[in-house]
There are 2 protein chains.
Amino acid sequence: MGEKKQQFREFLSRQGLKSTRQREIILDEFLRGDSHLSTEDLYLKLRKKNPGIGYATVYRTLKLFSECGIAEVRNFGDGQTRYESTTCEEHHDHLICKACGAIIEFEDPRIEELQEQVAKDHGFAIVSHRLEIFGHCAKCLYK
Amino acid sequence: MGEKKQQFREFLSRQGLKSTRQREIILDEFLRGDSHLSTEDLYLKLRKKNPGIGYATVYRTLKLFSECGIAEVRNFGDGQTRYESTTCEEHHDHLICKACGAIIEFEDPRIEELQEQVAKDHGFAIVSHRLEIFGHCAKCLYK
DNA sequence: CCATCAATTGAAATTGGTTTTCAATTTAAC
DNA sequence: GTTAAATTGAAAACCAATTTCAATTGATGG
Ligand SMILES: [Mn+2]
Ligand SMILES: [Mn+2]
Ligand SMILES: [Zn+2]
Ligand SMILES: [Zn+2]
């Protein structure tokens with residue numbers, strides 16, 4: 001079984017929650033599909049194969065994923081909350097195309113290090129951060 | 001008259017819009033008060049001296065400020081849109097305390113430069129960006 | 001000054017994404 | 001199996017943001 005599935009089951013058990021058919025289905029689709037999906041995105045994908053699943057269940061399950069640590073919440077300013085699977089990969093930030101909506105991930109240790117330094121200069125203890133760069137992707141620029 | 005007030009009047013005239021008592025009052029309060037205010041924050045402050053002013057007017061006027069370039073829209077993830085006056089100061093980013101809500105501004109040319117580099121590496125043209133660091137401020141840490 | 005007309009205003013209604021409620025159902029443990 | 005607690009889906013509620021609309025106000029220019 002996938003590492004993430006295992007992690008979720010342990011989380012449920014630890015919290016006195018139950019493993020259900022719906023949660024399995026939602027997790028499978030969440031792990032398989034594209035990243036940066038909104039609740040609605042995922043709900044619509046799920047409905048195709050599982051007409052019975054309710055929006056509220058998808059919403060609640062994604063919330064559990066983030067509490068469990070297998071999903072991260074993103075907010076790119078389009079009014080939709082998005083979730084992405086936390087893979088074994090490191091933390092990363094995003095370039096977001098204002099034209100086509102493409103999301104490019106990047107990671108720059110030098111920027112991370114400078115953030116630490118800035119925080120330190122202000123006696124500030126970092127819990128999390130987000131860096132989002134908006135603009136136009138290569139594809140959209142030369143079209 | 002303040003530079004920003006002048007700038008707003010010229011904007012209104014250019015757009016065929018009118019200068020009104022309400023817009024003057026809202027601009028005065030916006031320029032005087034704290035920064036990073038939500039529409040509701042500003043609305044409540046205004047009501048104390050000007051009971052007649054409507055929420056919709058505050059909302060619409062703040063939108064005009066941002067179109068005019070004298071205000072910038074901020075979204076720190078608490079579900080409220082905030083506005084801050086664009087002073088002559090440079091662009092800056094934010095440290096946000098999760099405990100007390102304090103907002104500390106900073107500016108680091110080295111980070112900005114690295115962002116440019118990242119974008120360049122991806123053939124991406126930057127329009128804007130935001131860097132927000134969440135955590136605990138010095139004051140909250142030693143309390 | 002006054003007439004005119006488009007812009008503005010405030011209250012109330014609407015929107016859209018999120019979150020909660022609740023009765024029926026399902027799950028895990030005994 | 002029985003039982004108690006957790007879960008589910010539909011519908012309602014929530015809430016900030018946005019729009020609607022009838023009444024009012026500002027700018028223009030006769
Ligand atoms: Mn990502
Ligand atoms: Mn600021
Ligand atoms: Zn693009
Ligand atoms: Zn603090």
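Just so we're on the same page: letters track the sequence lines, and every chain starts at 1.
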Take the protein atom [atom1] of [X] and the nucleotide atom [atom2] of [N], then report the distance between them rounded to whole Å.
X       : N      : atom1 : atom2 : answer
B:Asn50 : C:dG10 : CG    : C1'   : 14 Å
B:Leu12 : D:dG26 : CG    : P     : 13 Å
B:Leu62 : D:dA16 : CG    : C1'   : 14 Å
B:Leu37 : D:dA16 : CG    : P     : 15 Å
B:Arg23 : C:dA7  : CZ    : C1'   : 8 Å
B:Gln15 : C:dA6  : CD    : P     : 18 Å

Between [X] and [Y], is any side-chain donor less than 3.5 angstrom from a side-chain acceptor?
X       : Y       : value
A:Glu72 : A:His91 : no
A:Glu10 : A:Gln6  : yes
A:Glu84 : A:His36 : yes

*Taking the six-membered ring for Trp, are B:Phe65 and B:Phe30 ring centroids under 6.0 Å apart?*
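Yes, the ring centres sit under 6.0 Å apart.
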*Are B:Arg47 and B:Glu29 close enough, and set up right, to give a salt bridge (charged side-chain N to carboxylate O under 4.0 Å, His left out), and what steps lead you there?*
CA-CA 11 Å; B:Arg47 291 216 62 147; B:Glu29 189 61 45; over 6 Å; no
*Going from CZ on B:Arg130 to CG on B:Asn75, what distance comes out if it is rounded to the nearest 0.5 angstrom?*
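So the gap between those two atoms works out to 6.5 Å.
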_Rounded distance [0.5 Å steps], CG in A:Leu131 versus CG in B:Leu131_ =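 Result: 5.0 Å between the selected atoms.
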*Hydrophobic cluster identity match, A:Leu27 and A:Tyr43, side-chain contacts under 4.5 Å*: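 Yes, A:Leu27 connects to A:Tyr43 through the hydrophobic network.
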*Which parts of nucleotides 17-30 of chain C does protein reach within less than 4.0 Å, heavy atoms only, written one letter per nucleotide 5' to 3' as B for base, S for sugar-phosphate only and - for none?*
SBBBB-----BS--
*Return the angle between end axes of the helix from C:dC1-D:dG30 to C:dC30-D:dG1, with five pairs used per end and rounding to 10°.*
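That helix gives 30° between its end axes.
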_Toward the 5' end of DNA chain D, by each residue's nearest nucleotide, A:Leu64 or A:Tyr43_ =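 Its nearest nucleotide lies further toward 5', so the answer is A:Leu64.
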